[in-house]
Visitor: 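Shown below is the structure under consideration.
Each chain gets a letter, A, B and so on, in the order its sequence line appears, and its residues count up from 1.
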2 protein chains.
Amino acid sequence: MSQTTLPGLALCNNAMLRRATRKLGQFYDDVLAPSGLKATQQGLLYQIHIGNEPTMGAIAAALVMDLSALGHTLKPLIRDGYIETFSDPADRRIRRVRLTSQGRIKLEEALKLWQVAQQRFEEMFGKEQAASLRAALDEIAALDFDVPPAAS
Amino acid sequence: MSQTTLPGLALCNNAMLRRATRKLGQFYDDVLAPSGLKATQQGLLYQIHIGNEPTMGAIAAALVMDLSALGHTLKPLIRDGYIETFSDPADRRIRRVRLTSQGRIKLEEALKLWQVAQQRFEEMFGKEQAASLRAALDEIAALDFDVPPAAS
DNA sequence: TTTCAATGGTGGCATATGCCAATAATTCGT
DNA sequence: ACGAATTATTGGCATATGCCACCATTGAAA
């Protein structure tokens with residue numbers, strides 16, 4: 001009877017977010033499977049595609065992702081020949097990323113599948129509700145939890 | 001100009017969900033850091049705590065998580081002495097999980113920090129909005145994307 | 001220009017998650 | 001009771017993500 005009395009983790013915003021992410025991620029991954037890409041990879045390719053040979057830092061910032069995490073995540077995509085990186089001639093610390101022609105083809109293929117997943121999900125969840133959910137999620141991603149000390 | 005014309009990934013429900021999860025996860029993790037637990041681990045300890053010596057399968061189902069993933073995630077917690085598993089006497093295939101006394105203490109400690117994170121987030125995002133967000137996320141976790149073939 | 005702090009990445013290590021192929025323990029049909 | 005089908009886990013391998021330490025390059029100060 002304990003479990004009916006205690007609050008459960010349904011109150012934790014973070015836990016609920018992760019749980020829904022697992023669920024939705026599996027669905028998008030399933031639909032994208034025929035392309036051989038995971039949803040995260042497709043998103044990454046797309047982000048690179050819409051950027052203008054973006055820098056790693058720019059991509060990481062756009063995705064609210066740790067720079068080193070991004071680096072790790074790019075590796076399989078580089079290995080599989082979908083993207084390539086190159087140093088910015090003006091500042092050799094900077095590395096820019098772009099799709100290879102193979103990457104462009106693969107992205108196009110994956111986008112078709114993505115549309116299927118996206119549509120199917122919104123059909124079940126509600127297009128309106130999906131839009132407001134995305135808005136809320138965007139707000140969260142933009143929140144500025146003030147960094148602790150920052151003794152300037 | 002490409003990037004101002006093309007839709008960006010803000011339309012992808014899955015990508016937005018992941019992005020928000022990264023952001024919020026980092027925040028909760030930061031706040032929980034003094035306890036030495038990640039937010040995922042705290043959530044797991046809590047889930048075990050409110051269950052009645054739950055089975056691995058029950059926990060995985062509640063969290064909409066792959067059973068093997070759960071197994072992997074439990075390892076550090078077992079290693080650190082916060083939880084322990086034991087076979088169900090009635091069905092030795094089943095393994096049940098429970099907190100150790102050390103785990104109960106650690107969970108209590110982490111819960112205090114969790115409240116701080118939870119409160120701070122809701123203060124910024126809005127208590128009402130957080131509640132409806134959780135409701136939406138719960139709905140997603142409960143969706144039944146009909147499994148493909150299932151030729152019964 | 002010599003030096004040094006700041007910027008941008010990479011590599012190592014650890015957790016989070018998933019899929020698939022064993023394994024072990026049960027259950028069931030005959 | 002025996003062997004097939006089922007159930008509950010574990011282990012191996014791969015991606016997703018983060019933190020921290022370290023290296024290369026710049027830009028600014030002395």
Visitor: In terms of side-chain heavy atoms, does B:Gln118 have a donor or acceptor partner in B:Glu122 at a distance below 3.5 Å?
Guide: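 B:Glu122 and B:Gln118 do have a side-chain donor-acceptor pair below 3.5 Å.
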Visitor: Among the nucleotides C:dG9, D:dT9, D:dT17, which one has an atom lying closest to any side-chain atom of A:Thr55?
Guide: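 Among the listed nucleotides, the one closest to the side chain of A:Thr55 is C:dG9.
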Visitor: Grab the CZ-P distance between B:Phe86 and C:dA25 for me, whole Å please.
Guide: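 Between P of C:dA25 and CZ of B:Phe86: 17 Å.
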Visitor: Can you tell whether the side chains of A:Asp138 and B:Arg19 come within less than 4.0 Å, N to carboxylate O?
Guide: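 Yes, A:Asp138 and B:Arg19 are salt-bridged.
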Visitor: B:Thr55 and B:Arg96: side-chain donor and acceptor closer than 3.5 Å?
Guide: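 Absent: no donor and acceptor within the cut-off.
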Visitor: For the side chain of A:Met65, starting at C-beta, report the closest nucleotide among D:dT17, D:dT10, C:dA16.
Guide: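 Nucleotide nearest to A:Met65's side chain: D:dT17.
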Visitor: Rounded to whole Å, how long is the line connecting atom CE of A:Met56 with atom P of C:dG11?
Guide: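 One finds 10 Å between P of C:dG11 and CE of A:Met56, rounded.
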Visitor: Rounded to whole Å, how long is the line connecting atom CZ of B:Arg95 with atom P of D:dT7?
Guide: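 Spelled out: CZ on B:Arg95 to P on D:dT7 is 20 Å.
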Visitor: Can you tell me if the side-chain N/O atoms of A:Arg92 get under 4.0 Å from OP1 or OP2 in C:dT7?
Guide: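 No, because none of the side-chain N or O atoms of A:Arg92 sits under 4.0 Å from OP1 or OP2 of C:dT7.
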Visitor: Which sits closer to the 5' end of DNA chain C, A:Arg18 or A:Thr85, going by the nucleotide each is nearest to?
Guide: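 Residue closer to the 5' terminus by nearest nucleotide: A:Thr85.
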Visitor: Which listed nucleotide (C:dG18, D:dT15, D:dT9) is nearest to the side chain of A:Gln26?
Guide: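 Taking heavy atoms from C-beta onward, the closest nucleotide is C:dG18.
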Visitor: Mind checking if B:Arg96 touches a base, just sugar-phosphate, or nothing, with heavy atoms under 4.0 Å?
Guide: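 No contact.
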Visitor: More 5' along DNA chain D: A:Asp88 or A:Ala39, using each one's nearest nucleotide?
Guide: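 The residue whose closest nucleotide sits nearer the 5' end is A:Ala39.
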Visitor: Pick base, sugar-phosphate or nothing for B:Ile94, based on heavy-atom distances below 4.0 Å to the nucleic acid.
Guide: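 Counting heavy atoms under 4.0 Å across all strands, the contact made by B:Ile94 is with sugar-phosphate only.
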Visitor: Would you mind classifying the nucleic acid contact of B:Thr40 as base, sugar-phosphate or nothing, using non-hydrogen atoms under 4.0 angstrom?
Guide: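 Sugar-phosphate contact only.
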Visitor: Nearest-Å distance, OH (B:Tyr28) to P (D:dG18)?
Guide: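 About 17 Å, once rounded to whole Å.
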Visitor: Just N and O in the side chain of B:Lys75: are any of them under 4.0 Å from OP1 or OP2 of D:dG11?
Guide: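 Answer is yes, contact under 4.0 Å.
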Visitor: Answer with base, sugar-phosphate or nothing: what part of the nucleic acid does A:Arg19 contact at a heavy-atom distance below 4.0 Å?
Guide: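 No contact.
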Visitor: Using whole Å, report how far CG of A:Leu67 lies from C1' of C:dA6.
Guide: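 Spelled out: CG on A:Leu67 to C1' on C:dA6 is 15 Å.
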Visitor: Evaluate A:Arg93 against A:Asp88 for side-chain contact (heavy atoms from CB on, under 4.5 Å), listing each step before the verdict.
Guide: CA-CA 7 Å; A:Arg93 285 172 303 182; A:Asp88 185 313; over 6 Å; no
Visitor: Enter the distance from B:Asp29:CG to B:Gln42:CD here, rounded to the nearest 0.5 Å.
Guide: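 B:Asp29 atom CG to B:Gln42 atom CD measures 10.5 Å (nearest 0.5 Å).
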Visitor: Quickly work out the B:Ile59 CD1 to D:dT10 P distance and round it to whole Å.
Guide: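 The distance from CD1 of B:Ile59 to P of D:dT10 comes to 11 Å, rounded to the nearest Å.
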Visitor: If you find the nucleotide of DNA chain C closest to B:Asp80 and the one closest to B:Asp91, which residue's nucleotide is nearer the 5' end?
Guide: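 Here B:Asp80 is the residue nearer the 5' end.
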Visitor: At less than 3.5 Å, do the side-chain atoms of B:His72 and the base atoms of C:dG18 form a donor-acceptor pair?
Guide: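 Counting by modelled atom types and ignoring angles, a donor-acceptor contact under 3.5 Å is found here.
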Visitor: Over all strands shown, is A:Gly57 touching base, sugar-phosphate only, or nothing at heavy-atom distances under 4.0 angstrom?
Guide: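 Sugar-phosphate, backbone atoms only, no base.
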Visitor: Between atom CG in B:Asp29 and atom P in C:dT15, what is the gap in whole Å?
Guide: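 To the nearest whole Å, that distance equals 13 Å.
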Visitor: Nearest-Å distance, CG (A:Asp66) to C1' (C:dT15)?
Guide: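 That distance rounds to 14 Å.
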Visitor: Under the 3.5 Å rule, do the base of D:dT9 and the side chain of B:Arg93 count as making a donor-acceptor pair?
Guide: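 Not at all, since no donor on one side and acceptor on the other fall under 3.5 Å apart.
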Visitor: Parallel, tilted or perpendicular for A:Phe121 and B:Phe145, by the 30°/60° rule?
Guide: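 Tilted.
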